[in-house]
Amino acid sequence: MVRVTHRLEARVLGEGDWIAASEICQLCWLDPGAVMELAELGVVAPRETPPGEWQIAATALPRLRVIGRLMRDLGVNVSGAALALELLEGRRELERRIRTLELLVSDH
Amino acid sequence: MEFRDYYKVLGVERAATADQIKAAYRRLARKFHPDVSKEPNAEARFKEMQEAYEVLKDPEKRAAYDELGANWKAGEQFRPPPDWGSGFEFSGGAGRPGGARFRAGRGRSGTGAAPDGASAEQDFSDFFSSLFGGGTPFGRGGGGAGRDHHARVGIDLEEAYRGTTRTLELRRPEVKPDGSVELRTHTVRVTIPPGVTEGQLIRLAGQGAAASGAGQAGDLYLEVHLQPHRLFQLEGRDVTLTFPVAPWEAALGSSVTVPTLGGSVDMHIPAGAQSGQKLRLRGRGLPGAPAGDQYVQLKVVLPPANSPQAKALYEEMRSKLDFDPRAQQAR
């Protein structure tokens, strides 16, 4: 077996990056209709630049990828996945608060 | 390579109908989906299920798998029969050859690479690949372009703060000039910059699947997951530390040394501080624009009254301090 070594600089998709809606669809396993529905639900806030071409902030990627996976793997629809995402985020926040309070009252 | 009993993975009989298989997969997927589940090893279990379902939902693959016979047991050493695949034609995404397989490890020093830290989504087992070819069912699609690959990479909070590296091994089949196919291992050392946050995506251009023709190679996307930390709790880019203080430090004010992700710093506790009160260290969270803050939540710890001197001090406070901790309740 042949071995080849490469050194690569990673490109983080983050704050300040805007990604074409078509690319968002590929990255998040969503179809364009689902992305539009998510925009209507307020989960993402696309911007139109230039006219006719929609872009979405890269900071939305983590949430959209969870929605895409839930739809792809569990067979839920857009509204169901968006609701599940909100509930999961709420659960995570509650778990974080519980952990903080536990640390405050524990002996250690 | 070990034989995988896909029926056992999904908990169905070999005679199960397509609807029963689908229902079993849906039920288990909801329980073990990595985005939802709190079960231990949820991600590994979910991958097993996906692989099993990929085979059993497809009549062609299921028929071919069933052809192996019912005599194999899960975990038994397995090699495909010499005439494997004759009479079957696999169609659809996951049966396509040419997928990359991943092994990953951490390595600040550039030496070892413990096989931990990254795992590929839809990266099926060697058993699956030996039967149906490699590859992933999701990707760029069409136009001869190579498919994108997706993998998760786990890093700890200190690594997210200062940046880190990961070593990935990508095994790709490549066609040699004589037309034969050779498996080539590409070792990729990835530099992850400081300030990555939970769920953030890192793109490695051209490191996905090779294009089928003159098209562009796919990209490799690493999804960052931050491991829980012993001391710090993360919320966005902000971190919170629960910090024990003595009653006199809180009551009288004090200068203390506080751990942060970037090292220890001095912090002033104002006089009259209370347990649960949060103090902010601006810009001491994860780097970014703007950087996150560190919140220090004070936890007043009482000294035990386990010596005559300690008891005497508590007695003195009781007699000399006009203090009622339940004064507000009495209103």
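A, B, ... follow the sequence lines: proteins, then strands. Residue 1 opens every chain.
Heavy atoms of Leu101(A) lying under 4.5 Å from chain B are absent altogether. Looking at Tyr25(B), only its side chain comes within 4.5 Å of chain A, counting heavy atoms on both sides. Residue Leu104(A) touches chain B through both its backbone and its side chain, counting heavy-atom pairs closer than 4.5 Å. Residue Arg63(A) does not touch chain B at all, counting heavy-atom pairs closer than 4.5 Å.
Across all their heavy atoms, His150(B) and Leu27(A) have their closest contact at CE1-O, 4.0 Å. The shortest non-hydrogen separation linking Gln200(B) to Gly14(A) is NE2-CA, 3.4 Å. Here the shortest heavy-atom pairing between Gly199(B) and Pro62(A) reads O-CG, 3.4 Å.
Heavy-atom neighbours of chain A within the stretch residues 31-39 of chain B, taken at a separation under 4.5 angstrom, comprise His33(B), Asp35(B), Val36(B), Lys38(B). Residues of residues 288-295 of chain B having a heavy atom under 4.5 Å from any heavy atom of chain A, listed by number: Ala289(B).
Within 6.0 Å of the CZ atom in Arg96(A), the count of heavy atoms belonging to other residues, nucleotides or ligands exceeds 12.
Atom CD of Gln26(A) sits about 9.5 Å away from atom CG of Asp219(B), to the nearest 0.5 Å. Note: Arg26(B) CZ to Asp73(A) CG = 10.0 Å, rounded to the nearest 0.5 Å. One distance of note links CZ of Arg65(A) with CG of Leu201(B); it measures 4.5 Å at 0.5 Å rounding.
Side-chain contact of Gln233(B) with Thr100(A): a donor-acceptor pair under 3.5 Å is present, judged by distance alone.
Arg237(B) places a side-chain heavy atom less than 4.5 Å from the side chain of Glu15(A). Residues Leu13(A) and Arg203(B) are in side-chain contact: their nearest non-hydrogen atoms beyond the backbone lie under 4.5 Å apart. With contacts defined as side-chain heavy-atom distances shorter than 4.5 Å, the pair Leu103(A)/Gln297(B) does not qualify.
Of the listed residues (Val66(A), Leu85(A), Leu61(A)), the one with the most heavy-atom contacts under 4.5 Å to chain B is Val66(A).
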